[in-house]
Structures are given as C-alpha cells and as structure tokens.
Engineer: 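So that we are looking at the same thing, I have put the structure below in structure tokens.
The residues of the chain are indexed from 1 along the displayed sequence. As a basis for the values below, the full set of heavy atoms in this structure was taken, side chains included, without hydrogen atoms, waters or symmetry mates. This is a predicted model, so every value here is computed, not measured.
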Amino acid sequence: MQGRRILLEVCVEGADGLAAAVAGGADRVELCAALVVGGLTPSPGLMALAASASCPVFAMIRPRPGDFVYSPAEEAVMRGDIAAVAQAGLAGIVLGACRTDGRLDEAMLGRLLDHARACGVRHATLHRAFDEAADAGVALEVAIGLGFARILTSGGGATAWDGRERLRALVARAGGRIAVMAGGGVSPESAAALVAATGVEEVHGSCRGRDMPRGQGVRNAGFGDNPVPTDRATVGAVRRALDDAGAAATMSGDCSRRE
C-alpha cells in the first residue's frame, strides 16, 4: 500500500548541489548562496540554471548574514532580488523579517509579498526568522494572514528533534491552514522518527555527505573551507526514510479507522 507523501525540501548552494538534490529525489529545492552563514540570496546565474530543474525551486531572499531586522535600503535590495527570481522563472521565494521587539515584521513582509505577487511569484516560505519570534503562536497566525504557503522551523530547538514538542503543537494549531516544515539537523536516521513525533508533512535538510567531516571541505584559495556539499546518496536515504514514515502513518490511520 502506498503511504502518504512526506515532502522533502533540500537546501543547496550551487550547481552540483542542485543536481545532487534532484537526482536523489528531492520534492523541492531551496536555492541559496553561503549555507555556512545560514543561506543568502543566490546569484542570478544560479537562479537561471535552476529554472530548468525537474522539481520546484524556491530562492532564498536574504541580503546579508546576521539577524533578520532589515533597513529600508535592505528591503529595496530584497525587492530587486525578488524581481530576479521572477525573471528566472523560479517557483517561489523563501524570506523572513523581524522587528527589534521580537515580533515578525508584518508590514515589511506584507510589502515584499505584495511585490512578489505583482512580479508573478505566487508561492512563499517563511524561513527560520519564525524561530526568532517571541511568541510562536502569534507568529504562526501572522504567517497565515500574510498568505505564506509554509513556515520552516526547528520548533525553537537547536535541531528539529529537540523542538519536536513545539513542532507538534504548531502542526495542531495550524490545522491545515499552512504547512509546518521541520528543519534543523534532519538525517536519514532521524527523519522517520521526527515525522512520527510531530505530524509534519514536509521536512527540510541540507543532506550533506558524511565521508568528509564538517570543517574539512574544499580549500578555496585562502577563503577557508567550504561546507560539505549536498550528497545524492544522503538525499536518497532521507527520501526513503520519509517514504517509510508516510507508509507507517497511513497504516496507523487505516488501523484507527477499523477500530
């Protein structure tokens, strides 16, 4: 019996990572630059290349590393980057913005989403700026009101597994009005247990290879070590774990209905 599909989004930062994610079975790709700082807006050239991918690609809209409190000038940069996403023909964007008082910047996010829709970009994910919000329940309702398709969150934990109790509560509160996508430290070993513990139907990960310890990436002309790249086999292993989790959830639901 075929189980329900748990969607896998893989974040990548280059052409090779994009190819590995698609070949490994990703349902969606988050396209970034500089994953070592949590992801920044990718280059127009990488966006153009990603437009031919066989799965939907969402581009990160983040003009700099650090916090998510942005100035008017940085908002203008993000508007230009959103226009570049539209010109490339990608499926969506990933963005977030916060206020200094610990709330999501609802006004700025509303302006950016309006701009995206005017450019023809219809789908948006609220990234882990969500986890910076002082009140997750309030932030969830703001995201729903703004029209985000999903939020990416670790449940406020260092990893999604650490935040599993809040993730489960968010899924329950969302009630299908918005997707809650779990991300943070997801591995082939933890993916199925995470789905079972939280009820999430979307999972996000970098799916990096494990043959090279973190911090021992490719030395790049004096600029330090690059992170270990996205690995096709790891993507495939997470995909299989999620398929198993979906099948188990379906079987559990069937058993419950028979009872």
Side-chain angles (χ1 to χ4, degrees), residues 3-14 16-39 53 55-58 60 94 125-131 150-171 179-218 225-252:
R4 71 181 161 91
R5 181 79 169 179
I6 308 299
L7 297 182
L8 172 60
E9 177 180 276
V10 179
C11 57
V12 308
E13 64 176 352
D16 290 345
L18 174 64
V22 172
D27 296 291
R28 184 174 55 244
V29 166
E30 180 192 86
L31 193 70
C32 304
L35 283 177
V36 71
V37 296
C55 68
V57 176
F58 283 32
M60 172 68 79
V94 181
T125 299
L126 174 62
H127 62 45
R128 287 182 63 183
F130 177 87
D131 288 332
R150 67 189 52 79
I151 57 172
L152 169 60
T153 173
S154 68
T159 67
W161 182 251
D162 294 336
R164 61 192 181 278
E165 291 185 8
R166 179 179 287 183
L167 279 166
R168 187 172 186 84
L170 287 168
V171 170
V180 177
M181 180 166 58
V186 177
S187 69
E189 294 77 20
S190 67
L194 179 63
V195 170
T198 62
V200 297
E201 297 190 348
E202 300 192 16
V203 170
H204 169 102
S206 59
C207 297
R208 294 173 182 167
R210 286 179 278 183
D211 58 340
M212 187 164 44
R214 188 170 176 82
Q216 295 183 19
V218 178
D225 290 332
N226 292 328
V228 177
T230 302
D231 176 65
R232 175 181 176 175
T234 305
V235 176
V238 175
R239 175 69 270 160
R240 290 189 295 275
L242 295 179
D243 288 342
D244 290 344
T250 300
M251 181 65 71
S252 175

Engineer: Before you tell me yes or no, could you show the steps for Leu167 and Val171 under side-chain contact (heavy atoms from CB on, under 4.5 Å), namely the whole-Å CA-CA distance, both residues' side-chain angles and the distance that decides it to 0.1 Å?
Structural biologist: CA-CA 6 Å; Leu167 279 166; Val171 170; 5.5 Å; no
Engineer: Could you go through residues 18-25 and list every donor-acceptor pair under 3.5 Å that involves a side-chain atom there, pairing it with any protein atom two or more places apart or in another chain?
Structural biologist:
none

Engineer: Where do Ala241 and Ala192 come nearest, in terms of heavy atoms and distance?
Structural biologist: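 Smallest interatomic distance, heavy atoms only, reads O-CB, 3.8 Å.
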Engineer: Find out whether Leu31 and Val12 are in side-chain contact, i.e. whether some heavy atom of one side chain is under 4.5 Å from a heavy atom of the other.
Structural biologist: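 Leu31 reaches Val12 side chain to side chain.
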Engineer: List in chain and number order the residues that pass side-chain contact (heavy atoms from CB on, under 4.5 Å) with Ala34, two or more places apart in sequence or in another chain; answer none if no residue qualifies.
Structural biologist: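 Ala34: side-chain contact (heavy atoms from CB on, under 4.5 Å) contacts with Val37, Leu40.
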Engineer: Minimum heavy-atom separation for Cys207 to Val10, with atom names?
Structural biologist: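 It is SG-CG2, 4.0 Å.
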Engineer: Just do the side-chain contact (heavy atoms from CB on, under 4.5 Å) check on Val94 and Leu152 with the steps written out, would you?
Structural biologist: CA-CA 9 Å; Val94 181; Leu152 169 60; 5.6 Å; no
Engineer: Rounded to the nearest 0.5 Å, what's the gap from CD1 on Ile151 to CZ on Phe130? Could you check?
Structural biologist: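 Between atom CD1 of Ile151 and atom CZ of Phe130 there are 3.5 Å.
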Engineer: With sequence neighbours excluded, what pairs up with Thr125 under the side-chain hydrogen bond (donor to acceptor under 3.5 Å, both in side chains) test?
Structural biologist: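 Residues passing side-chain hydrogen bond (donor to acceptor under 3.5 Å, both in side chains) with Thr125: Arg150.
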Engineer: If the condition is salt bridge (Lys or Arg N to Asp or Glu O under 4.0 Å), which residues does Arg28 pass it with, not counting sequence neighbours?
Structural biologist: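 Expected list: Glu9, Glu202.
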Engineer: Could you state the interatomic distance from CG (Leu242) to CG (Leu194), rounded to the nearest 0.5 Å?
Structural biologist: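 Interatomic distance, Leu242 CG to Leu194 CG, rounded to 0.5 Å: 9.0 Å.
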Engineer: Of the non-hydrogen atoms in Cys32 and Gly39, which two are nearest, and what is the gap between them?
Structural biologist: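 Closest heavy-atom pair between Cys32 and Gly39: CB-CA, 4.1 Å.
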Engineer: Do you know which two heavy atoms are closest between Ala191 and Val238, and how far apart they sit?
Structural biologist: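 The pair with the smallest heavy-atom distance is CB-CG1, 4.3 Å.
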Engineer: Mind checking the CE-NE2 spacing from Met60 to His127? Nearest 0.5 Å is all I need.
Structural biologist: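 Interatomic distance, Met60 CE to His127 NE2, rounded to 0.5 Å: 5.0 Å.
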Engineer: According to side chain to side chain donor-acceptor pair (under 3.5 Å), does anything in residues 161-170 pair up with another residue at least two apart or in another chain? List the pairs.
Structural biologist: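 Residue pairs passing side chain to side chain donor-acceptor pair (under 3.5 Å), neighbours aside: Thr159-Asp162.
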Engineer: Working to the nearest 0.5 angstrom, can you tell me the gap between Asp16 CG and Arg232 CZ?
Structural biologist: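 Taking CG in Asp16 and CZ in Arg232, the distance rounds to 13.0 Å.
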Engineer: Go through the structure and list residues passing side-chain contact (heavy atoms from CB on, under 4.5 Å) with Cys11, not counting sequence neighbours.
Structural biologist: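 Counting only residues at least two positions away or on another chain, Cys11 forms a side-chain contact (heavy atoms from CB on, under 4.5 Å) with Glu30, Leu35, His204, Ser206.
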Engineer: For Arg239, give me all partners under side-chain hydrogen bond (donor to acceptor under 3.5 Å, both in side chains), at least two apart in sequence or on another chain.
Structural biologist: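 With sequence neighbours excluded, Arg239 shows a side-chain hydrogen bond (donor to acceptor under 3.5 Å, both in side chains) to Asp27, Asp243, given in chain and number order.
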